[in-house]
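Here the structure is laid out as structure tokens; the discussion comes afterwards.
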Amino acid sequence: MKQHKQSGFTSKLGFILATAGSAVGLGNLWRFPYLAAKHGGGIFLLVYLIIAVSFGFTLMVTELAIGKKTGLSAMGAYKALDHRFGWIGVLTSAVPLLILPYYSLIGGWVCKYAAVFLSGQMEAATSDSYFNAYISSPAAPILFFVFFVLCTTAIVFLGVDKGIEKASKIMMPLLVVLTLIICIFTVTRPGALEGVIYYLKPDFSHFSITTVLAALGQLFYSMSLAMGILITYGSYMQKETDIVSATHQVEVFDTAIAFMAGLMIIPSVFVYSGGDQSQLGQGPGLMFVTLPKVFNEMTGGRFIGIIFFILVFFAALTSAIALMEACVSILQDRLKASRKAIIVAVAVFVLLLGSLVSLGFGPLDMIRIFGFGLLDFFDFISNSILMPIVAISTCIFVGFVIKPKTIIEEVEKTGEFKQKGFYSLMVKYVAPILIIAILVFSLFSAFGFIRV
């Protein structure tokens, strides 16, 4: 059943940093903070942590074990375990192919803002109209988008061990250091304490089912679940790597970055806005509209802004690398073509679709699909529909077709699986129910049946 890849991770540390890098991205640095602020601060953080060590642990172990057992990407892994369920692999494979183009476009926006701060144009970026004027222009966003895609492609082109692993060993420690620097700077600013308290102190009066479902939805986005990434990286694992231990370490790394992102962004906006929490609900606008104003008000703000956008660039790049590698591995297993040819084909696909999405903010802004703009449409299809369906299908597949013992036996090849009873309960019953709730919640909120 197992097919050996041409290359893989050469060490457990390399695997952990690369896998953590796939999870640590824009979802951690802008999506987590504004969701935390919107859904009660400390209570959202508490709910997220509980879900991460239960629900997140279950799905991550499952996907890594499937990849490690079969040695295949998502396209072939499910079929290898049971030929009747190859369709789950097809659905899973569609997710990174849809996400990578628009994710890379946002990565290009990050490159633009890093260039703005490096060139001393920070004050211009504080204008409320600057961001919208930039993304609606036909050429400039595409140029930075192309630069981001070329950076991603170059690292993937070098391979798993020489490219992804080595890049992750450099970028992930740097990301942690930069995050810590900004956190320390932020929480020591006058007026930051109120934001720190709001973020860290759970207020149970803000607890609701919406809080739980928002945290669940964020977990998918933050931990690279149901995207085919973890199955691909699992197929590159060394035989002696302990899946449970590696999962715990990736979870700690990913959650720590998300936690620190909240700690640097939420108090900083409190400092700037005087505690106006409405400033925190802007999504990507929080990073590209509000934070430049925050940095402009700070002593040494330009320097901090440069560090921040370099940090975000590293985070976005590590996730884009993982998405592209998943796409390449999937197509390589399917087409049996050369890796280099497939990388070029994926890069061209990303450039074409991403450029189209970029134009959706400018010359093509009249295009609407079910009421969504192009970026919002691809985001909705991938994150709100395909990923929950893939996760539900995977849980049912493992829970009732190949049985949890198949995953447990793979995990126990390298060590004791003390949580196997808990794992079986989660994958068979708890996780599917929670994911169905996410899917229904996403559909209802998207079409206006409920307010979030």
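In this chain, residues are counted from 1 in sequence order. All of these numbers come straight from a predicted model, not from anything done at the bench.
From Ile229, atom CD1 reaches atom OG of Ser329 across 11.5 Å, with rounding to the nearest 0.5 Å. Separation of atoms CG (Leu49) and OG (Ser54) is listed at 10.5 Å; rounding is to 0.5 Å. We find the CG-CD1 distance between Leu216 and Ile435 to be 8.5 Å, quoted to the nearest 0.5 Å. Interatomic distance, Ile438 CD1 to Leu443 CG, rounded to the nearest 0.5 Å: 12.0 Å. Distance OG/Ser235 to CG/Leu230: 11.0 Å, rounded to 0.5 Å. To the nearest 0.5 Å, the span separating CE on Met387 from OG on Ser382 amounts to 7.0 Å.
When each of Phe55, Tyr429, Phe57, Phe417 is tested with Tyr423 by the rule ring pair (Phe, Tyr, Trp, His ring centres under 6.0 Å), just one qualifies, namely Phe417. When each of Thr179, Thr255, Asp254 is tested with Asn28 by the rule side-chain hydrogen bond (donor to acceptor under 3.5 Å, both in side chains), just one qualifies, namely Asp254. The ring pair (Phe, Tyr, Trp, His ring centres under 6.0 Å) with Phe85 is formed by just one residue from the set Tyr78, Phe397, Phe400; it is Phe397. The side chain to side chain contact (heavy atoms under 4.5 Å, CB included) test with Thr62 singles out one residue from Ile243, Ile231, Val427, and that residue is Val427.
Using the six-membered ring where Trp is involved, Phe309 and Tyr113 have ring planes that are tilted, between 30° and 60° apart. Ring geometry for Trp109 versus Phe288: interplanar angle over 60°, hence perpendicular rather than tilted (30 to 60°). The aromatic rings of His39 and Phe44 lie parallel to each other, with less than 30° between the two planes, well short of the 60° mark.
The shortest distance between side-chain heavy atoms of Leu317 and Ile155 falls below 4.5 Å. Between Val398 and Lys403 the shortest side-chain heavy-atom distance does not fall below 4.5 Å. The shortest distance between side-chain heavy atoms of Cys395 and Lys428 does not fall below 4.5 Å. In this structure, Asp376 and Tyr102 have side chains that are not in contact, with every pair of non-hydrogen atoms separated by 4.5 Å or more. Ser136 is not listed as a side-chain neighbour of Asp365, based on a closest heavy-atom distance of 4.5 Å or more. Ile106 has its side chain out of reach of Phe145: every pair of non-hydrogen atoms, C-beta onward, lies at least 4.5 Å apart. Looking only at side-chain heavy atoms (C-beta outward), Ile99 and Met227 come within less than 4.5 Å of each other. For the pair Leu353 and Leu100, the minimum side-chain heavy-atom distance is 4.5 Å or more.
Here the side chain of Ser222 pairs no donor or acceptor atom with the backbone of Gln218 at under 3.5 angstrom. Side-chain atoms of Arg302 come within 3.5 Å of backbone N or O of Leu118 as a donor-acceptor pair. At distances below 3.5 Å, not a single donor-acceptor pair connects side-chain atoms of Ser384 with backbone N or O atoms of Ile381. Ser137 contributes a side-chain N or O that, together with a main-chain N or O of Tyr134, makes up a donor-acceptor pair within less than 3.5 Å. Judged by distance alone, the side chain of Tyr199 and the main-chain N or O of Phe259 form a donor-acceptor pair under 3.5 Å.
Heavy atoms only, all atoms of each residue included: Gly354 and Pro101 are closest at N-CB, 3.7 Å. Heavy-atom minimum distance, Phe144 versus Ala115: CE2-CB, 4.0 Å. Residues Ala226 and Val95 come closest through the heavy atom pair O-CG2, 3.7 Å. Across Ile88 and Ser393, no two heavy atoms sit closer than the pair CD1-O, 3.8 Å. Here the closest heavy-atom approach between residue Ile50 and residue Val53 is recorded as O-CG2, 3.3 Å. Taking both residues in full, the closest heavy atoms of Thr241 and Lys68 are given as O-NZ, 2.7 Å, listed atom of the first, atom of the second, then distance.
For an aromatic pair to be called close, the ring centres must be under 6.0 Å apart, and Tyr48 with Phe32 satisfies this.
More than 12 heavy atoms of other residues, nucleotides or ligands shown are found within 6.0 angstrom of CD on Gln121. Remark: Phe147 CZ is loosely packed, at most 12 non-hydrogen atoms of other residues, nucleotides or ligands lying under 6.0 Å away.
Judged as a salt bridge (Lys or Arg N to Asp or Glu O under 4.0 Å), and not counting sequence neighbours, the contacts of Lys420 are Glu412.
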For the pair Phe253 and Gln249, evaluate side chain to side chain contact (heavy atoms under 4.5 Å, CB included) and give the outcome as yes or no after the intermediate values.
CA-CA 6 Å; Phe253 204 116; Gln249 289 166 318; over 6 Å; no
Would Val90 and Met75 count as a side chain to side chain contact (heavy atoms under 4.5 Å, CB included) here? Give the steps.
CA-CA 6 Å; Val90 175; Met75 180 67 80; 4.0 Å; yes
Could you go through Ile142 and Leu359, starting from their C-alpha distance and side-chain angles, then the distance that decides it, and tell me whether this counts as side chain to side chain contact (heavy atoms under 4.5 Å, CB included)?
CA-CA 9 Å; Ile142 293 178; Leu359 294 173; 4.1 Å; yes
The test is side chain to side chain contact (heavy atoms under 4.5 Å, CB included); show your working for Thr406 and Glu410 and say whether it passes.
CA-CA 6 Å; Thr406 302; Glu410 182 64 30; over 6 Å; no
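Donor-acceptor pairing under 3.5 Å is lacking for the side chains of Tyr233 and Glu325.
The side-chain tip of Arg189 points at the ring of Phe185 from less than 6.0 angstrom away and within 45° of straight on.
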